[in-house]
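The shown structure was predicted, so the numbers you read here are calculated from the model rather than taken from an experiment.
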Amino acid sequence: SALFKRLHDIQKTEVMRAEKDLFKAAAQHRLILPDVKEATVRCFIQWVYRAQCLYEGSEQLYSVLKLATRLGVDELASICLKQLYRAANDSLMHAENHGVLIQTLLGYGPGVAADDSFGVVFKHAVKEDDTPKQLKSLVIDTLAATLDPELWQHVKGSINHSMALQV
């Protein structure tokens, strides 16, 4: 039992060290993803083993896209990007066809948006430098086409200088 306890302590120490040192984690054949939610990893693994990704909304789909990109799984990243772009674009088309303002899609206007796809893409496009160009362009083009003083008052604090110049 003393040997078992000692081995257990060593293993516990090594796991803790691996969480802080990516090289140590790689040497232990571990992949430490402390900033990734369990549901995102589960979706990623489902795709690896079953070629299907059952995600629970646009935010999780974006998280799977980021994880796939981070781990170099280009096919999954491409699938997620296409689905996210299509969902955000469909959300915009639905809003336009039903007279829903962009402010509503972003959570600033009256009422509740039918879905949050464009809002998720917008949030990440304005906050993250590594957002895929296709998604960032969708946000910039949409803002350029629909920007009015009221919407600008809501989004000006979120948009960086570079994106503001592109709009």
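- Within a 6.0 Å sphere centred on CD of E75, other residues, nucleotides and ligands contribute 12 heavy atoms or fewer.
- Formation of a donor-acceptor pair under 3.5 Å by the S91 side chain with backbone atoms of A87 is not found in this model.
- In this structure, Q11 contributes its side chain and L7 its backbone to no donor-acceptor pair below 3.5 Å.
- To the nearest 0.5 Å, atom CD1 of residue I140 and atom CZ of residue F122 are 10.5 Å apart.
- Distance check, rounded to the nearest 0.5 Å: CD of Q103 to CH2 of W152 gives 13.5 Å.
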Item checked: Residue pair D35, R70: steps toward the salt bridge (Lys or Arg N to Asp or Glu O under 4.0 Å) verdict -> CA-CA 12 Å; D35 57 337; R70 179 176 170 182; 3.0 Å; yes

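- Below 30°, between 30° and 60°, or above 60°: for H8 and F4 the angle between ring planes is below 30°, a parallel geometry.
- A distance-only check finds no donor-acceptor pair linking the side chain of K136 to the backbone of T131 [under 3.5 Å].
- With contacts defined as side-chain heavy-atom distances shorter than 4.5 Å, the pair K127/H124 does not qualify.
- Sorted by first and then second residue, the disulfide (SG to SG under 2.5 Å) pairs with a member in residues 117-158 form an empty list; sequence neighbours excluded.
- In this structure a side-chain-to-backbone donor-acceptor pair under 3.5 Å is present from N97 to M93.
- I159 and A164 get closest at one heavy-atom pair: CG2-N, 3.4 Å.
- The nearest pair of heavy atoms linking L151 to D148 is N-OD1, 2.7 Å.
- Nearest heavy atoms, A77 versus T69: CB-OG1, 3.7 Å.
- Two residues are said to be in side-chain contact when any heavy atoms from C-beta on lie closer than 4.5 Å; C53 and V64 meet this criterion.
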Next item on the list: Walk me through it: do R86 and D90 pass the test salt bridge (Lys or Arg N to Asp or Glu O under 4.0 Å)?
Entry: CA-CA 6 Å; R86 186 172 43 248; D90 288 350; 5.2 Å; no

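- Exactly one of V121, L81, L84 qualifies for a side chain to side chain contact (heavy atoms under 4.5 Å, CB included) with Q134. That residue is L81.
- With rounding to the nearest 0.5 angstrom, the CG atom of L106 is 10.5 Å from the CG atom of L101.
- Of all heavy-atom pairs between Y55 and Q83, the closest is CE2-OE1, 3.2 Å.
- T13 places a side-chain N or O within 3.5 Å of a backbone atom of D9 that can act as its donor or acceptor partner.
- Annotation for A144 and V167: closest pair CB-O, 3.7 Å, computed over non-hydrogen atoms.
- Between the OG1 atom of T142 and the CG atom of L138 there is a distance of 4.5 Å, given to the nearest 0.5 Å.
- In this structure, the side chain of S78 does not engage the main chain of D74 through any donor-acceptor pair within 3.5 Å.
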Next item on the list: Please step through side chain to side chain donor-acceptor pair (under 3.5 Å) for the pair Q166 and H161, ending with a clear verdict.
Entry: CA-CA 9 Å; Q166 291 175 333; H161 183 70; over 6 Å; no

Margin query: Evaluate F118 against I102 for side chain to side chain contact (heavy atoms under 4.5 Å, CB included), listing each step before the verdict.
Written below: CA-CA 9 Å; F118 183 72; I102 299 300; 4.2 Å; yes

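- P132 and Y62 make their closest contact through CD-OH, 4.1 Å (heavy atoms, listed as atom of the first residue, atom of the second, distance).
- Under the 4.5 Å side-chain heavy-atom criterion for Ile, Leu, Val, Met, Phe, Trp and Tyr, L54 and L65 are members of distinct hydrophobic clusters.
- A heavy-atom distance below 4.5 Å is found between the side chains of F44 and V73.
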Next item on the list: Might you work through the side chain to side chain contact (heavy atoms under 4.5 Å, CB included) test for K37 and S63, ending with a clear yes or no?
Entry: CA-CA 8 Å; K37 293 180 180 177; S63 296; over 6 Å; no

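- Side-chain contact check for N160 versus M163: some heavy-atom pair is nearer than 4.5 Å.
- In this structure, OG1 on T40 lies 9.0 Å from CD on E56, to the nearest 0.5 angstrom.
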Notebook entry, point to check: Does the salt bridge (Lys or Arg N to Asp or Glu O under 4.0 Å) test come out yes or no for E128 and K123, once each step is laid out?
Noted result: CA-CA 9 Å; E128 301 171 5; K123 177 180 79 175; over 6 Å; no

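- Put simply, the side chain of V126 does not reach to within 4.5 Å of the side chain of V155, judged on heavy atoms.
- With a 4.5 Å cut-off on side-chain heavy atoms, I45 and Y49 count as touching.
- Atom-to-atom distance recorded for W47:CH2 and L67:CG is 11.5 Å, nearest 0.5 angstrom.
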